[in-house]
Amino acid sequence: MKDKLVKYHHKAIYYRIKKTLVALSFLIGAAVVFTVPVSIILSMNNSSSRAENDSSTSQVSDLSITSLE
């Protein structure tokens, strides 16, 4: 059975770079899988807190308008 280096005519650095790129792609994929749900949850929390702030501000402005009339 022939060695991979002889059989496919690649140098050893080819396999080292290939292994490094595969490992980096798995790390990047894992980071994306982790960060996407977290960012969605954070954006949902921010939008709900903004809605609460907007409703409280509109109530204050309504009170000021009725007191002027």
Side-chain angles (χ1 to χ4, degrees):
M1 191 166 154
K2 287 186 177 181
D3 187 34
K4 275 170 77 172
L5 299 174
V6 175
K7 185 176 179 181
Y8 296 113
H9 305 291
H10 291 298
K11 302 286 183 187
I13 191 74
Y14 170 81
Y15 294 104
R16 289 185 187 131
I17 291 172
K18 185 177 175 181
K19 185 191 304 185
T20 303
L21 291 176
V22 168
L24 284 175
S25 67
F26 277 118
L27 288 175
I28 290 170
V32 167
V33 166
F34 177 73
T35 56
V36 168
V38 170
S39 65
I40 291 171
I41 291 170
L42 289 176
S43 68
M44 289 172 59
N45 288 338
N46 286 339
S47 65
S48 66
S49 66
R50 285 181 190 158
E52 290 173 3
N53 288 338
D54 290 341
S55 65
S56 64
T57 342
S58 64
Q59 290 173 355
V60 171
S61 63
D62 290 341
L63 292 174
S64 62
I65 292 171
T66 55
S67 63
L68 291 176
E69 293 177 353

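Every value quoted in this text rests on a predicted model; they were computed, and no experiment measured them. Just so it is clear, the values below take in all heavy atoms, side chains as well, and ignore hydrogens, waters and symmetry mates.
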Spacing of I17 atom CD1 and K19 atom NZ [to the nearest 0.5 Å]: 12.5 Å
Following the transitive rule for hydrophobic clusters with a side-chain heavy-atom cut-off under 4.5 Å over Ile, Leu, Val, Met, Phe, Trp and Tyr, establish whether I13 and L21 coincide in one cluster. yes
Could you work out, with side chain to side chain contact (heavy atoms under 4.5 Å, CB included) as the rule, every residue matching Y15, not counting sequence neighbours? K4, L5, Y8, H10
Do the side chains of F34 and F26 join up, straight or via other hydrophobic residues, at under 4.5 Å, putting them in one cluster? no
Are V36 and M44 linked, directly or through other ILVMFWY residues, by side chains that come within less than 4.5 angstrom of each other? yes
Rounded to the nearest 0.5 Å, what separation is found between the CD1 atom of I40 and the OG1 atom of T35? 9.5 Å
